[in-house]
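Encoded as C-alpha cells, the structure appears first; notes follow it.
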Protein chains: 2
Amino acid sequence: MPPASRTTSPSRPTRADARRNHDRIVTAAADAIAEHGAEASLEEIARRAGVGSATLHRHFPSRQHLLEAVFRGKVEALCATAADLAGHPDPGHALATWLGAVARHAAHNRGLAAALMGGAHDGDPTLGAGCHTMIINAGADLLAHAREAGAARPDVSITDLLTLVNAISLAVEGEPDGAVQAGRLLTLALTGVRPAGDAAERAM
Amino acid sequence: MPPASRTTSPSRPTRADARRNHDRIVTAAADAIAEHGAEASLEEIARRAGVGSATLHRHFPSRQHLLEAVFRGKVEALCATAADLAGHPDPGHALATWLGAVARHAAHNRGLAAALMGGAHDGDPTLGAGCHTMIINAGADLLAHAREAGAARPDVSITDLLTLVNAISLAVEGEPDGAVQAGRLLTLALTGVRPAGDAAERAM
DNA sequence: GCACAAACGGGGTGGTCCTCCATATCGTAC
DNA sequence: GTACGATATGGAGGACCACCCCGTTTGTGC
C-alpha cells in the first residue's frame, strides 16, 4: 500500500505486465491448489505461472492473500446465494440450504475451506475485507431471519455455524466421497444426534 | 519390522540405548508439540532429545508414528473413561459426556486431535492398532448403548461423531479460549441448531 | 574380553519460504 | 521516435526442513 501521493491522482495506474503476472499467478495457484490443496508449494505456483518466486511474494505477501485472490469469485457467488435465500419463506430451511451450499462448494474446491477459515485470526488487519468477513456478513442475515422464525437457538452465532461447516469440510478434504461425508456430517450437526421427534431436554 | 528369525526366539531384546533414545525422543516430542502443534519440526525434536535426526527417523518412520507414541497414554485414558461410562444408567448422557471428554483432552493437548484423525486413511496398514482404531473401538460401545436407548439416530456412526469432535478440536486449536469454543460447538453439533423442545421434523 | 549385530549421527540431497538488489520493462513527456 | 524515471522483475542466496546413506560407535551374549 503506497503512501497516498501528494497529488490527488492515485499514484499511478498498475502497469500492464504487473496485472498480467498477477492473473497468471492466480490461475496457476488455482490449478496447484486444486491438485495439492491449500498448502501447495508457492515455488511450484510461481514456476507454473512462469514468474520468479520474488514476483509471487510481491503480489501476494502471504499465502492467505493468494487464497483470497483465488477464491474471491466463489465466495462472491456464495454471498449472492445468501442474498437470494434471504427472502425465502422458510428461514430455517434457507439457512440450512445455504450452509449446505457452502459445504458443497468447499467439497468441490479444495482449499476454499482454508481460505474461509484463515481470514480473521492471523493477526493481519489488512485482510479485513477478506473472504472470512464477506461470508460472515452474508450469513448473518440468514441466521437472523432463522432466529426470528424460531428455527435457530438464540445463543448460536453465525461464526459458530461457519466454523462448524469449515471444520467439517477440512476434515473430509481429500476423502474420496468427501462431498457425501460433508453433507452427512453437516446435517448431523444441524439437527443433532437424537432421533428426529425426540424433544427431550437433557441436562447435558 | 525385522523378519521373524528362524529360531523361535524373537530375534533379540531391544538394546538399552535404543530404548533410552526412544523415550527421550517421545519426551522431547511431547514438549515440542505442546509448544508448536502437531507440525512441530522433527529436526528440533531430535535436537532437543540430543539425538541425530537419523535416529529419530529410524525410531519413528513417519510423523504419525511419533504422534501415536506421544499420545498413546492419553488415548488409553480416554478408552478407560469410555469403559467406565459404558455402564452408566443414561447411555445418551454417557456418550455426550465421553465426547466432551475427548474434546477437552484435545483442547488441553495440542496435537492430540491430529493424532486421532490421521490414523487410518494415510495408507499405512502397520498403524492398524493406532490411536484412531483404539478410540473408535472405545466409542463404539457407548454409541451402541445410546442407540439402543433411543438417544442416538440409527444412521449415525461412531466415526461420524469422532470426526466431528476432532474437526472441531482442530478448528479451534490455537484459539485463546479454545476449550470453551470446542465445548460450545460440540454441544451445538450434538443437540442441533433448533431451539430445545422444537421437535418439528423438517424435510431438510 | 571379544566379536558382531544393532544402533548411532554427521553430512549430503533436494525441497521449502522468503529477501536483496542489479537488471529489464513499461508508460510518458517530449 | 526517443529518452527517461518509476515500476516491476527474477536469479541468487540464506535459513530452514524432511529424509537417507554409510562409516563409526556401542551394547551384549558368549
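Within every chain, numbering begins at 1; the chains are lettered A, B, ... in the order of the sequence lines, protein sequences first and strands thereafter.
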Are A/L42 and A/F60 close enough, and set up right, to give a side chain to side chain contact (heavy atoms under 4.5 Å, CB included), and what steps lead you there?
-> CA-CA 10 Å; A/L42 299 179; A/F60 305 98; over 6 Å; no

Given side chain to side chain donor-acceptor pair (under 3.5 Å), test B/D160 with B/S157 step by step and report yes or no.
-> CA-CA 5 Å; B/D160 289 339; B/S157 71; 3.3 Å; yes

Taking it one step at a time, do B/I45 and B/L66 satisfy side chain to side chain contact (heavy atoms under 4.5 Å, CB included)?
-> CA-CA 11 Å; B/I45 291 172; B/L66 183 53; 4.0 Å; yes

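Looking at heavy-atom distances under 4.0 Å, A/H59 makes contact with sugar-phosphate atoms alone, never a base. Among the protein residues, B/S41 comes within range of the sugar-phosphate backbone only, with heavy atoms under 4.0 Å from sugar or phosphate atoms but none that close to a base. Counting any heavy atom pair closer than 4.0 Å across all strands shown, B/R47 reaches sugar-phosphate atoms only and no base atom. Among the atoms of the strands shown, only primed sugar atoms or phosphate atoms (P, OP1, OP2) are found under 4.0 Å from some heavy atom of B/A18.
When side chains are defined from C-beta on, B/L190 counts as touching B/L99, because their heavy atoms get closer than 4.5 Å. A 4.5 Å side-chain heavy-atom check between A/I33 and A/N109 finds every atom pair outside the cut-off. Looking only at side-chain heavy atoms (C-beta outward), A/V102 and A/L186 stay at 4.5 Å or farther from each other.
Between B/L56 atom CG and D/dC21 atom P the separation is 17 Å, expressed in whole Å. Following rounding to the nearest Å, A/H57 (NE2) and D/dA8 (P) show an atom-to-atom distance of 18 Å. Between B/H22 atom NE2 and C/dC8 atom C1' there is a gap of 16 Å when expressed in whole angstrom units. Here D/dA8 presents its C1' atom at 15 Å from CG of A/D23, a figure rounded to the nearest Å. One interatomic measurement links the two molecules: CG of A/L42 to P of C/dC17, which rounds to 4 Å at whole-angstrom precision. Taking atom CD of residue A/E39 and atom P of nucleotide C/dT16, one finds them 13 Å apart after rounding to whole Å. Computed from coordinates, the A/E44 CD to C/dG14 C1' distance equals 15 Å when rounded to whole Å. Atom CD1 of B/I45 is separated from atom C1' of D/dC17 by 12 Å (rounded to the nearest Å).
Taking only side-chain atoms of B/R58, from C-beta outward, the nucleotide of D/dG10, C/dG9, D/dC19 with the closest atom is C/dG9. When each of C/dG10, D/dG10, C/dT19 is scored by its nearest atom to the side-chain atoms of B/A54, the top-ranked nucleotide is C/dG10. Across D/dG10, C/dC18, C/dG9, the shortest atom-to-atom separation from the side chain of A/V51 is found for D/dG10.
Checked by atom type, the side-chain pair A/D84/A/T81 shows no donor-acceptor distance below 3.5 Å.
Classified by interplanar angle (parallel below 30°, tilted 30° to 60°, perpendicular above 60°), the ring pair B/H22/B/H59 is perpendicular.
For C/dC18, neither phosphate oxygen OP1 nor OP2 lies less than 4.0 angstrom from any side-chain nitrogen or oxygen of A/S53. For the OP1/OP2 pair of C/dC8 and a distance below 4.0 Å, the side-chain nitrogens and oxygens of B/N21 include at least one atom meeting the criterion.
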Would you give a per-nucleotide map of nucleotides 22-30 of chain C, 5' to 3', where B means the base has a protein non-hydrogen atom under 4.0 Å away, S means only the sugar-phosphate does, and - means neither?
-> ---BSS---

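With hydrogens and angles left out, the side chain of A/E43 and the base of C/dC18 share a donor-acceptor pair within 3.5 Å.
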